[in-house]
Amino acid sequence: MTVIDQLPPDLATAGGPLRRMLRLRPEVVVTAQGDDLEMSHPWGRQRVHALGAETVALLDELTRTEIDVDDLPAGGRLMHLLHRFPYLVTTTLADPFGVPLATAVPIARSATLPGLARPTGTAVLSRFAYLRRLPEEHAGACVLESPVAPFRLTLHRPAAGAFVAAVTASRSVAEASLLAGLSTSAGEALAGLLAGAGFLDEGAQGEPPLWDFHDLLFHARSRPGRHDYPSGGIFAHPEVAQLPAIPGTGPREEGVGIDLPVPDWDEVLARDPALSEVLEGRRSVRAYADTPVTLDQLGELLYRVARVRRVIPGDPADPHGYDIVDRPYPAGGATGELEVYLSVVRCDGLVPGVYRYDAAAHRLRPRPFSGPGDEAAFRELMTSAWRATGCTVDPQVLLTVTSRFGRLSWKYSQIAYALTLKHVGVVYQTLYLVATAMGLAPCGLGSGDTDAAARALGLDWTAESSVGEFLIGSRPAGVPRTARGFADMVAQARGE
């Protein structure tokens, strides 16, 4: 007696081969008008003419229930229509009693109806595939997803997940089926669905070689086109109150803050160079003068880059209303989620340590260390910044840009983190231009230590975390502040 023979019938699929069941996605609405119909769905709507009463009736039935593909008329208008709009059709493998094993749900318009060719050789999972559990209302099920696959695969039974785990190494389908507790025929059908849905490594045929897993996943899920999740300003969390536009006093903030001087408009205009001179002169400066940057210079920089100019109250009667935050840089939704913290080593007028910039009051809020661990984290931050410059400069002031994520994710879904990174890029450019105009030494850093920042700044990294780092110091003599003309390679590129 084999291992398969000892398995319960529902796992060994002893009752016979798996069935291939088709159904229209639950979001599809079919409106029949005689022999014509209109299909409305997440990607738009289509009108189809002269289908015939039988085809219209079958399509209407497919909106309510799954139908075995063997029970559908082969080669007729219906199958032609399903192949024409495959991104509207789900494919389920089920046992002879209709109990599902796995369902392939198309999530991109590039999806095609997955075939069920039964591979008898080896199979190995794509390195981009990942498995996660579904919420509690779907207890017992999990989903397999991949940024390179135009499908989401729902695994309804543990044996399906075990089969996926078995092919994380290259194995024959028969061996993977044995390890998962499936009959060979069931394993072959599941492997065929995995291959047809894009979850198996096809070798040289398709795995993009220059992408890391997380980068490709982030790219695919934070833009429409490669997924079917609700995206954009959909206000998916109505049960949660929006975070305040202006954060209150934070942890470790004791005593009065340090009020910063407000720059004089006429004075700034009188000494600022022209925009084109600043744009062409902008560069990262990784050297400092012997005399450090001053508190007044930091105050002007922060005021011109990051202050809150005004808060426009939202309509309290509108469930989607929230306070708009106006700042010098543009931001999607004007949510004002970014904050700036200063880690100071050398600054004329400031004691070394950590400060939060209160952007509404134009004030620095000292955050004294609560213990040796916080001070050690501060040193880690500065060491990380030093390494990010190629170990060429001892930092004077490190600006850490953080995001209060809830200000964005309360309104935006799927794109919230991508949006906050876009905002960081805008802040970087604004810092570069203002610092260059002021004659300071700016240098944006490519990365930072999230955990060290959370400990040094006193933050819960899941609620507010570092998303950007920027060094500011005094500009050394001999480094020009602005340009006196355009630089380009136009003639060289044109071959002139």
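- For the pair Arg221 and Tyr417, the cation-pi test (distance below 6.0 Å, angle within 45°) is failed.
- Without hydrogens or angle criteria, Thr90 side chain to Arg23 main chain gives a donor-acceptor distance under 3.5 Å.
- At a threshold of 4.0 Å, the pair Glu38-Arg47 counts as salt-bridged, since one of the basic side-chain nitrogens sits closer than that to a carboxylate oxygen.
- For residues 310-322, every residue pair satisfying the salt bridge (Lys or Arg N to Asp or Glu O under 4.0 Å) rule, not counting sequence neighbours, is listed here: Arg310-Asp326.
- Salt bridge status for Asp70 with Arg19: absent, with no side-chain N to carboxylate O gap under 4.0 Å.
- The salt bridge (Lys or Arg N to Asp or Glu O under 4.0 Å) contacts involving residues 233-246 comprise nothing, where partners must be two or more places apart or lie in separate chains.
- A salt bridge between Glu380 and Arg455 is present, with a side-chain N of the basic residue lying under 4.0 Å from a carboxylate O of the acidic one.
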Phe470 vs Tyr432, test: ring-ring contact (aromatic ring centres under 6.0 Å, His included). Steps then yes/no. CA-CA 9 Å; Phe470 201 97; Tyr432 265 115; 5.0 Å; yes

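- Residues Leu302 and Arg307 are not in side-chain contact: their nearest non-hydrogen atoms beyond the backbone lie 4.5 Å or more apart.
- Panel note: side chain Ser465, backbone Thr462; no donor-acceptor pair is recorded below 3.5 Å.
- Atom CD of residue Glu469 and atom OG of residue Ser447 lie 7.0 Å apart, to the nearest 0.5 angstrom.
- Looking only at distances, no side-chain donor or acceptor of Arg152 sits under 3.5 Å from a matching main-chain atom of Val143.
- Looking at every heavy atom in both residues, Glu188 comes nearest to Ser177 through N-OG, 4.4 Å.
- Residues Arg367 and Leu459 come closest through the heavy atom pair NH1-CD2, 3.7 Å.
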**OP:** Please lay out, stage by stage, how Thr402 and Val467 fare under the test side-chain contact (heavy atoms from CB on, under 4.5 Å).
**Re:** CA-CA 5 Å; Thr402 69; Val467 287; 5.6 Å; no

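- Between the side chain of Asp323 and the main chain of Gly314, a donor-acceptor pair closer than 3.5 Å is present.
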Less than 3.5 Å apart, which donor and acceptor atoms pair up between the side chains of residues 99-114 and the rest of the protein, not counting sequence neighbours?
| from | atom 1 | to | atom 2 | distance (Å) |
| --- | --- | --- | --- | --- |
| Thr103 | OG1 | Thr92 | OG1 | 2.8 |
| Thr103 | OG1 | His156 | NE2 | 2.8 |
| Arg109 | NH2 | Tyr87 | OH | 2.9 |

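- Under the 3.5 Å distance criterion, the side-chain polar atoms of Gln429 are left unmatched by any main-chain donor or acceptor of Val426.
- Expressed to the nearest 0.5 Å, how far CZ of Phe85 lies from CG of Leu24 amounts to 11.0 Å.
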Is there a ring-ring contact (aromatic ring centres under 6.0 Å, His included) between His362 and Tyr357? Walk through the geometry before answering. CA-CA 7 Å; His362 189 48; Tyr357 176 55; 5.7 Å; yes

